[in-house]
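Whatever order the structure lists ligands and atoms in, that order sets their numbers, starting from 1.
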Amino acid sequence: VFMRNVFKKRECTEYVLQVIMNKKVIIGNFKMNLLPNEVVLYIENLKKDIESNNEIVLCVPYVDIPYASNIVNDTNIYVGAQNMYSREEGPYTGEISVKMLKSIKTDYVLLGHYERKLYFNETEEEINKKLILALKYNIKPIVCIGSNESLENEINMILKDIKKECINNIIFIYEPVFSIGTGNALDKNEIIDKIKLIQNIICEKYDEKFNNLTLGYGGSINSNNVLDIVNNDKINAILVGSSSLNEKEF
Ligand code: PGA
């Protein structure tokens, strides 16, 4: 009603409402790419080109975070880390803690990416500890699921001891292993089926009807297939790897 009164013209109102209703979280995962000066240039270019009302999250390497977070003020671009350690502090040489991320203005953190499991033997127990810390320190977690044979086991392990009130603060991304970096994005209908399944598992676990979960998909998304994937109200976040490295493509 407010929009209708402000904009008067029906077309304009409909457009604004549509944009609001369809707002998505678009996440770029740079992995181990781009130096601080390259990330700064990327963001400056993105700011010039951007016409989107969506929330854009750039998960950049740790060393790039301070440079990135300094130049995204007053934009819809947010800065994320790609990992963090599962303990708060202590003798863990080479690790980065949640408090360190907080101190350099990190808004989001990617947790449980398949490459962390593949190359660093990360377990669901570790991911669960990290999730608890991210929620405690108010860094928004983006949790990747889809690499365990049982989605139900995976979700239950990751959400162990996570309170019901926190569930709406987590972004859940379904990323099937065979779609990551292979060029084989999952068919949209299959993605929607998995997303419904994930929603059901979470609702059953908490015996609660969550209607505002942020659920999304990742794996071989590019500018050719993205519209087909996001053009529905079930998929409200996407995680983009290699196609996020060039800001024009992203
Ligand atoms: P991709 O990577 O888009 O290159 O498949 C996705 C990811 O690793 O999150």
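Residue Thr182 has no N or O atom closer than 3.5 Å to an N or O atom of ligand 1. For ligand 1, the polar-atom distance check finds an N/O of Gly241 within less than 3.5 Å of one of the ligand's N/O atoms. Checked against a 3.5 angstrom limit, the closest N/O atoms of Lys31 and ligand 1 fall inside it.
Heavy-atom separations between Cys144 and ligand 1 are all 4.0 Å or longer. Under a 4.0 angstrom heavy-atom cut-off, Ser220 registers as being in contact with ligand 1. Contact analysis leaves Gly218 out of contact with ligand 1, as no non-hydrogen atom separation drops below 4.0 angstrom.
Remark: Glu125 does not engage Lys117 in a salt bridge, criterion side-chain N to carboxylate O under 4.0 Å. For Lys99 and Glu89, the salt-bridge test passes: some basic side-chain N is under 4.0 Å from an acidic carboxylate O. Using a 4.0 Å cut-off between charged side-chain N and carboxylate O, Glu88 and Lys136 make a salt bridge.
Residue His113 has at least one heavy-atom neighbour below 4.0 Å for each of these atoms of ligand 1: 7 (C), 8 (O), 9 (O). Of all atoms in ligand 1, numbered sequentially from 1 with element shown, those under 4.0 Å from a heavy atom of Leu239 are 9 (O). Listed by number with element, the atoms of ligand 1 under 4.0 angstrom from any heavy atom of Ser242 are 1 (P), 3 (O), 4 (O). Close approach of ligand 1 to Ser179 (heavy-atom distance below 4.0 Å) involves ligand atoms 5 (O). For ligand 1 and Gly219, the ligand atoms under 4.0 Å from any heavy atom of the residue are 5 (O).
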For this session: Decide yes or no on salt bridge (charged side-chain N to carboxylate O under 4.0 Å, His left out) for Lys209 and Glu204, but give the supporting numbers first.
Result: CA-CA 8 Å; Lys209 216 169 177 306; Glu204 268 174 32; over 6 Å; no
Exercise. So Ser86 and Lys130, side-chain hydrogen bond (donor to acceptor under 3.5 Å, both in side chains) or not? Walk me through it.
Worked result: CA-CA 5 Å; Ser86 53; Lys130 294 177 184 191; 5.8 Å; no
Exercise. When you look at Val60 and Tyr67, which way does the side-chain contact (heavy atoms from CB on, under 4.5 Å) test go after all the steps?
Worked result: CA-CA 10 Å; Val60 302; Tyr67 298 88; over 6 Å; no
Show the atom names and distances, to 0.1 Å, of all donor-acceptor pairs under 3.5 Å that link a side chain in residues 72-81 to residues at least two apart or in another chain.
residue	atom	partner	partner atom	Å
Thr75	OG1	Val72	O	2.6
Thr75	OG1	Ile77	N	3.0
Asn76	ND2	Ser52	O	2.9
Asn76	ND2	Asn54	O	2.8

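In this structure, Tyr119 shares a hydrophobic cluster with Tyr114, Leu118, Phe120, Val177, Ile180, the cluster being traced through Ile, Leu, Val, Met, Phe, Trp and Tyr side chains under 4.5 angstrom apart.
Looking from atom 6 (C) of ligand 1 to the surrounding protein, the closest heavy atom is Glu175 OE2, 3.4 Å.
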